[in-house]
There are 2 protein chains.
Amino acid sequence: MSLVQWGCHRFRDEGAAAVTDTASTGRALPHPDREEIRLEGVLHALSDPMRLRIVRELAAGEAELSCSQFELPVTKSTTTHHFRVLRESGVIRQVYRGTAKMNGLRRDDLDGLFPGLLDSLLAAAERQAGRGGTPG
Amino acid sequence: MSLVQWGCHRFRDEGAAAVTDTASTGRALPHPDREEIRLEGVLHALSDPMRLRIVRELAAGEAELSCSQFELPVTKSTTTHHFRVLRESGVIRQVYRGTAKMNGLRRDDLDGLFPGLLDSLLAAAERQAGRGGTPG
DNA sequence: GTCAAACTACGATGTCTCTCGTACAATGGG
DNA sequence: CCCATTGTACGAGAGACATCGTAGTTTGAC
């Protein structure tokens with residue numbers, strides 16, 4: 001049938017992402033620019049219970065949190081993986097601080113791109129959690 | 001390490017779903033009840049470009065649409081697959097009418113469960129489409 | 001310098017997903 | 001009854017994903 005190949009479910013190009021996060025230490029992490037953030041990528045990132053939970057905890061507190069402050073029922077390797085997915089999809093921003101890696105929601109960028117979306121999503125997760133689901 | 005196994009990324013239980021859609025013809029299709037709809041499942045369904053596109057077309061028009069009215073760049077088999085994912089996640093409702101299968105957004109159920117979410121998602125998709133993405 | 005803490009890299013594994021093609025079933029019109 | 005239209009079932013293949021374990025790197029404290 002020879003159909004158009006327009007790269008479905010492939011959100012990990014990143015291409016030349018901005019690597020300009022020289023925090024207190026020298027290590028930098030690749031983040032997509034605001035304009036590179038794709039809705040499908042964000043939804044994919046948030047469609048995993050573990051990641052939705054992370055984002056909910058991140059949204060609950062004001063400050064940034066290090067990876068180790070999340071008590072997730074998975075190993076450290078898996079935790080690293082989930083945080084990377086969140087960062088590469090543009091949902092969170094990660095910065096090294098000493099041996100820790102601090103995580104913060106990219107609220108400004110997400111609100112700028114998709115006004116109201118993040119709040120709706122968080123409210124939805126909250127509602128479902130109250131209903132007896134386990135997404136956070 | 002022996003961690004808790006709490007069924008991550010497994011949204012397809014459905015269990016005893018409601019199969020009470022005897023439309024004009026006799027064939028019925030399993031839909032999750034409103035309370036069975038899970039946010040993660042909805043996000044997962046919408047994280048695919050093809051399905052996001054379907055939902056956007058569905059939301060644009062008022063009336064229900066048959067599967068064949070969507071001109072998707074995939075085969076019929078694949079189209080069937082995507083519509084099933086959307087139905088099983090609770091995003092759309094499907095009903096047979098003659099040889100056609102009519103599709104409608106489950107707006108009431110989604111708005112009831114997650115107020116504002118669907119609109120935010122559609123607005124986000126619209127915005128991204130205007131920006132030059134291809135999600136619809 | 002040594003050491004613990006925090007996180008990463010890599011490879012493996014099992015499952016899921018997207019896609020297809022072919023063959024099949026249900027419906028309604030002549 | 002025959003047939004076109006519409007959609008399904010099934011099986012397969014390529015690739016993505018979540019998870020793990022082990023081994024390694026980076027950092028800061030002593």
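Between B:His44 and C:dC16 there is no side-chain N or O to OP1 or OP2 distance below 4.0 Å. Distances shown here put every side-chain N or O of A:His82 at or beyond 4.0 Å from the OP1 or OP2 atom of D:dC17. Remark: A:Thr75 is not in phosphate contact with D:dT19, judged by side-chain N or O atoms under 4.0 Å from OP1 or OP2. In this model, the phosphate group of C:dA6 is not approached by any side-chain N or O of A:Arg97 to a distance below 4.0 Å at OP1 or OP2.
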Which pairs, protein N/O on one side and nucleotides 5-9 of chain D N/O on the other, fall under 3.5 Å?
unit_1, atom_1, unit_2, atom_2, d
D:dT6, O4', B:Thr99, OG1, 2.8
D:dT6, O3', B:Thr99, O, 3.4
D:dG7, OP1, B:Cys67, N, 3.3
D:dG7, OP1, B:Lys101, N, 3.2
D:dG7, OP2, B:Ser68, N, 3.2
D:dG7, OP2, B:Ser68, OG, 3.4
D:dG7, N7, B:Lys76, NZ, 2.9
D:dT8, OP1, B:Lys101, NZ, 2.1
D:dT8, OP2, B:Thr80, OG1, 2.5
D:dA9, N6, B:Ser77, OG, 3.3

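For the 3.5 Å distance criterion, the side chains of A:Glu40 and B:Gln128 qualify, holding a donor opposite an acceptor. When only modelled atom types and interatomic distance are considered, A:Thr80 and A:Ser77 share no side-chain donor-acceptor pair under 3.5 Å.
A:Glu64 contributes no side-chain N or O that, together with a main-chain N or O of A:Met102, makes up a donor-acceptor pair within less than 3.5 Å. No donor-acceptor pair closer than 3.5 Å links the side chain of B:Asn103 to the backbone N or O of B:Gln94. Side-chain atoms of B:Arg131 come within 3.5 Å of backbone atoms of A:Glu35 as a donor-acceptor pair (strictly under, hydrogens ignored).
The nearest whole Å value for the distance from the CD atom in B:Glu40 to the C1' atom in D:dA18 is 15 Å. Across the protein-nucleic acid pair, A:Phe83 atom CZ and D:dA18 atom P stand 14 Å apart, rounded to whole Å. The CG atom of B:Asp48 sits 11 Å away from the C1' atom of C:dT19 (whole-angstrom rounding). Spacing between atom CG of B:Leu46 and atom C1' of C:dT17 amounts to 16 Å, rounded to whole angstrom units. Taking atom CD1 of residue A:Ile92 and atom P of nucleotide C:dC7, one finds them 12 Å apart after rounding to whole Å. Between the CG atom of A:Leu65 and the C1' atom of C:dC7 there is a distance of 16 Å, rounded to whole Å. One interatomic measurement links the two molecules: CD of B:Glu88 to C1' of C:dT17, which rounds to 13 Å at whole-angstrom precision.
The shortest side-chain heavy-atom distance between A:Asp109 and A:Asp33 does not fall under the 4.5 Å cut-off.
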### Message
What verdict does the side-chain contact (heavy atoms from CB on, under 4.5 Å) test give for B:His81 and B:Val74, after you've listed the backbone C-alpha separation in whole Å, the side-chain angles of each residue and the deciding distance to 0.1 Å?
### Response
CA-CA 11 Å; B:His81 162 68; B:Val74 291; over 6 Å; no
